[in-house]
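As structure tokens, the structure follows; a few thoughts come after it.
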Amino acid sequence: MRHLISIEDLSRDEIVKILNLAEKFEDVARGSRTLKILEGKILANLFFEPSTRTRMSFEVAMKRLGGDVINMTAQEASSIAKGENLADTIKVVSKYCDAIVIRHPLVGAARFAAEHSEVPVINAGDGAGQHPTQTLLDLYTIRKECGRIDVKIAILGDLKYSRTVHSLIKALAMFDADMYLISPPQLSLPEELYDEISERAKVVKLEDVLEELDVIYVTRIQKERFPDEEEYRKVAGSYKITVETLKRTKSNLIILHPLPKVDEIDLAVDKTKHAKYFDQAFYGVPVRMAILVEVMKSERF
Ligand code: CP
């Protein structure tokens, strides 16, 4: 059995293998070819935090491959509301399915779930910890749009609380990308994470690197992680990508965002050729197909 809890659970070769497999599933993800290789398999989606893309794209991925999905989204409608603990929930749910996808507000919850599960567990986001399947689709999008992963990439926004960033920077370091970290001072990357990637990363201002960039990866301020509303108000609205920003970039620069976005990208940017975040959200389907196939059908990725 193999869990996917953090991006370091995968080697560079294993990541490439997933991206290559995802490429083969793109037409299946679009519905133009059918494939029933997960027929008879059941995925359990356990979401203890809101989600649109991750939950739905796992569900679509499973169904497009002939499998089925059971969902637990509303905690008030489950026995969690009666006081059941996470370990017991996982022990039981893992008897009903072939793999579990879990999102939880606490860092470490997915690892904890894996310790109590009889089937593979996939981390769909644990608090401000990691979001490894998002990272795989981010890498897929970069490779698809730029033709390589060793790009010059600005990572802009909430680097303190964004779990997508915490996973992505480790993967980008594995693939020798050059990272430019840009954030309000209060939302800078935690020191222990910066130390892991310092050979490949610099803290800069966006205007100083704009002309060099292949990718700008924008993140939302993670309001829900702030211990204090007043601290959130101090940084709210402190950065925004606009059409004006794009006047100084390479013509083939791409803008990515894990979504949801709030106000950090001006709506006019959505209509430009640079905006790739909606395609990025679609690539979540073939990438999650590849992850599910590897998790459910083989001992190793
Ligand atoms: N990117 C992402 O995790 O989106 P959701 O919160 O909608 O799943």
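Note: hydrogens, waters and symmetry copies are ignored here, and every other heavy atom, side chains too, is used. Given the structure is predicted, the values throughout are model-derived calculations rather than measurements. All ligand and atom numbering here is 1-based and tracks the order in the structure.
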Identify the closest protein heavy atom to atom 1 (N) of ligand 1: which residue and atom is it, and at what distance? P258 O, 2.8 Å
Step by step, would you call E244 with T242 a side-chain hydrogen bond (donor to acceptor under 3.5 Å, both in side chains)? CA-CA 5 Å; E244 194 60 30; T242 65; over 6 Å; no
Atom 6 (O) of ligand 1: closest protein heavy atom, distance to 0.1 Å, is R103 NH1, 2.9 Å
Which ligand 1 atoms, with their elements, are less than 4.0 angstrom from a heavy-atom of T54? 2 (C), 3 (O), 4 (O), 5 (P), 8 (O)
Short N-O contact, E229 and R233, less than 4.0 angstrom: yes
T52 heavy atoms within 4.0 Å reach ligand 1 at atoms 5 (P), 7 (O), 8 (O)
Are any of the side-chain nitrogens in R163 or E224 under 4.0 Å away from the carboxylate oxygens of its partner? no
Can you establish whether the number of heavy atoms outside E199 located under 6.0 Å from its atom CD is more than 12? no
Does E49 come within less than 4.0 angstrom of ligand 1, counting non-hydrogen atoms of the residue? no
Counting only nitrogen or oxygen atoms and a 3.5 angstrom limit, does R53 reach ligand 1? yes
Check ion pair K261-D270 (N to O, under 4.0 angstrom): yes
Which of the listed options, T219, T133, L259, holds the heavy atom that is closest to atom 2 (C) of ligand 1? L259
Not counting sequence neighbours, list each pair that qualifies as a ring pair (Phe, Tyr, Trp, His ring centres under 6.0 Å) and has a residue in residues 243-274. none
Mind checking whether H131 has a heavy atom under 4.0 Å from ligand 1? yes
